[in-house]
Number of protein chains: 2
Amino acid sequence: MKRLAAAAIALGLSSCAATPSATISTPPAAAPVQPPATMQWLYGSGEAAAISVQAYHAMRDHVLDAARSRPLESMILTEGSTLASPRFEACGTKPLAVVLDVDETALLNLGYEYDESTKGRSYDQAIWDNWERTGADAVGPVPGAVTALNAMREAGVKIIFNSNRKAENAAFTEMAINQTGLGPARHRDTLYLQGDVGSGSAKDGRRARIASRFCVIAMAGDQLGDFSDLFNAKTLSVPDRRRASGSGIFAQKWGAGWFMLPNPVYGPGLRGSFDDIFPADKRWSDPAKEN
Amino acid sequence: MKRLAAAAIALGLSSCAATPSATISTPPAAAPVQPPATMQWLYGSGEAAAISVQAYHAMRDHVLDAARSRPLESMILTEGSTLASPRFEACGTKPLAVVLDVDETALLNLGYEYDESTKGRSYDQAIWDNWERTGADAVGPVPGAVTALNAMREAGVKIIFNSNRKAENAAFTEMAINQTGLGPARHRDTLYLQGDVGSGSAKDGRRARIASRFCVIAMAGDQLGDFSDLFNAKTLSVPDRRRASGSGIFAQKWGAGWFMLPNPVYGPGLRGSFDDIFPADKRWSDPAKEN
């Protein structure tokens, strides 16, 4: 509020002498003084680095175990699954693979987020598209990803990226992944992109394509949509979405075939009113401050 | 900027007729319209719930394994350790224990954060103190914590909480933990608090006390200080703190005895300038927008 009051004083005192239109022209946006808390935590904290390393350790251990004792079931849901009644693809004798997302799962988009946050902008699809094509040098690996992916490859497991970056930018995304030491990424072999199977950002079509050829023993992502599009149903309330993930059938998958990486910077998890986020029976106000 | 421009128009048009002091009186602080992104993510998203469940699954698996094949070394650093040269307490024949933090590790402080965020306040020590004493009904368990802690207890492992809540509020914190199904918490037995060993928020003294009686096979927290006070050294830069946690010796501990829970809402991980958070060689700006 302090900044608003100061601006009002300045405008109020000058408005009699100048035309209103000159006086009230939009002031230039103040440059943010520091990154938002979400970026400080994800890109800068030892805590977030720890969680990423921990997730990749758990994934590596699970995958090395599963590679020794082949599971009967894939980690990919069948087409007819619902949140209430999920079924998993059969593995048969298919070769083993791991499917993971790219952005904020394997790669940190440091350059893009630096640009967005220093300029105080929100997400811009056109700028992101330019980032896909020119940002390969300004990404970093998620802590723990490079060594874990290599250990899984050494165990004979194919590592396949499934990203919503665009198919037409495939060469640049291959470069970003490969330069960071996370590859090999090769389009339509170890890298599936938006546009490869159907259109739009839903990933189930690409997952089904991969599951038709591989026994997928682990998946990793930073968004629930990296595991199943069912979690992105428009009809799912914020609390129901959290319940579906954090309890019951799907909760058993976390750390046991499904591996979630931290990302409070963007995505459908950043949603919800006070009523959505704080259950009605878990509210409090300081008794010493009550009127 | 939109809200500022609208306020300026209103003030500019009325300032000739009214006294400036009446016109520019500070407007009442606008109530926040929704929780901050950090709270939406931590308390409301299925993604954060997944990471918590995943961390507790990994902890349970590690602890059940370690309980079968007793380790020689504790997960607690010896007093003379440094970040460059850490050593771990010997286990000998001591009984097995797990040490974990309370707030945002085992308990979610929903009531306190609801109050803080709806009122647009920042952290207030006096209000937090009232929260410790009156908030036991308005907390929830971190997803995955209750079943994992019970599984570890069934394997004969003592679960000990080490919190910076105050010793004088011990009875209320016991109640909060026990009512949530996370207990038993009993002060100076399975619950250590600020003031129990020395003073202040450093936790190494309490950890050393616990390590003198137990072989600590796992620790859990949402802050690096829940594992060692070394990470809170004032001389440690933001990038050095992240490097210490996410690479080298300590990185081996994540998911293998040290278990980190997500918390972008508060703590020393929410710190750092643009220069701290974004490495100099990982910056980018949209070539299409260059002047």
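Numbered from 1 within each chain, the chains take letters A, B, ... in sequence-line order.
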Problem set entry | Interchain contact, Phe259(B) with chain A, by part (heavy-atom threshold 4.5 Å) | both

Exercise. Non-hydrogen atoms of chain A under 4.5 Å away: do they reach the side chain of Asp61(B), the backbone, both or neither?
Worked result: neither

Exercise. Given a strict heavy-atom distance threshold of 4.5 Å, which part of Ser52(B) is in contact with chain A: side chain, backbone, both, or neither?
Worked result: neither

For this session: Measure the CZ-CG distance between Arg283(B) and Leu110(A) for me, rounded to the nearest 0.5 Å.
Result: 10.0 Å

Exercise. Looking only at heavy atoms, which two atoms of Ser245(B) and Gly46(A) are closest? And how far apart?
Worked result: OG-O, 2.7 Å

Exercise. With sequence neighbours left out, what residues match Tyr114(B) under ring pair (Phe, Tyr, Trp, His ring centres under 6.0 Å)?
Worked result: Phe278(A)

Exercise. Chain B: which of Gly272(A), Gly44(A), Gly255(A) shares the most heavy-atom pairs with it under 4.5 Å?
Worked result: Gly44(A)

Problem set entry | Nearest non-hydrogen partners of Arg242(B) and Ala48(A), listed with the distance | NH1-CB, 4.3 Å

Exercise. Given a strict heavy-atom distance threshold of 4.5 Å, which part of Pro36(A) is in contact with chain B: side chain, backbone, both, or neither?
Worked result: neither

For this session: In plain terms, say whether Glu47(A) and Arg241(B) are close enough for a salt bridge, that is, a side-chain N and a carboxylate O under 4.0 Å apart.
Result: yes

Problem set entry | When Gly140(B), Gly144(B), Ser117(B), Pro32(B) are compared by non-hydrogen pairs under 4.5 Å with chain A, the top option | Ser117(B)

For this session: Return the minimal non-hydrogen interatomic distance between Gly246(A) and Val53(B), and the atom names on each side.
Result: O-CG2, 3.8 Å

Seminar exercise, completed: CG of Leu42(A) to OG1 of Thr38(B), rounded to nearest 0.5 Å, is 13.0 Å

Exercise. Which region of Ala55(A), side chain (C-beta onward) or backbone (N, CA, C, O), has a non-hydrogen atom less than 4.5 Å from a non-hydrogen atom of chain B, or is it both or neither?
Worked result: both

Exercise. Between Ala244(B), Gly111(B), Ala256(B), Ala37(B), which has the largest tally of heavy atom pairs under 4.5 Å with chain A?
Worked result: Gly111(B)

Exercise. Who pairs with Trp284(A) by ring pair (Phe, Tyr, Trp, His ring centres under 6.0 Å), at least two apart in sequence or on another chain?
Worked result: Trp131(B)

Problem set entry | Taking every non-hydrogen atom, the tightest pair across Ile51(A) and Met260(B) | CG1-CG, 3.5 Å

For this session: Could you list which of residues 261-270 of chain A have a heavy atom closer than 4.5 Å to any heavy atom of chain B, in residue-number order?
Result: Leu261(A), Pro262(A), Asn263(A), Pro264(A), Gly269(A), Leu270(A)

Exercise. Between Ala50(B), Ala58(B), Pro143(B), Ala49(B), which residue shows the highest count of heavy-atom pairs closer than 4.5 Å to chain A?
Worked result: Ala50(B)

Exercise. Given the options Val139(A), Asp281(A), Asn109(A), which has more heavy-atom pairs under 4.5 Å with chain B than any of the others?
Worked result: Val139(A)

Exercise. NZ of Lys289(B) to NZ of Lys119(A): how many Å apart, nearest 0.5 Å?
Worked result: 9.0 Å

For this session: For chain A, find its close neighbours in residues 223-239 of chain B: heavy-atom separation under 4.5 Å, sorted by number, or none.
Result: Gln223(B), Leu224(B), Val238(B)

For this session: Please state whether the side chain, the backbone, both or neither of Glu113(A) comes within less than 4.5 Å of a heavy atom of chain B.
Result: both

Seminar exercise, completed: So CG of Asp286(B) and CD of Glu116(A): to nearest 0.5 Å the spacing works out to 12.0 Å

Exercise. Quick one: what part of Arg271(A) sits under 4.5 Å from any heavy atom of chain B, side chain, backbone, both or neither?
Worked result: backbone

Exercise. Can you name the nearest heavy-atom pair linking Ser273(A) to Pro35(B), along with the distance?
Worked result: C-CD, 3.7 Å

Problem set entry | Residue Asn130(A) versus chain B: region with a heavy atom under 4.5 Å | both

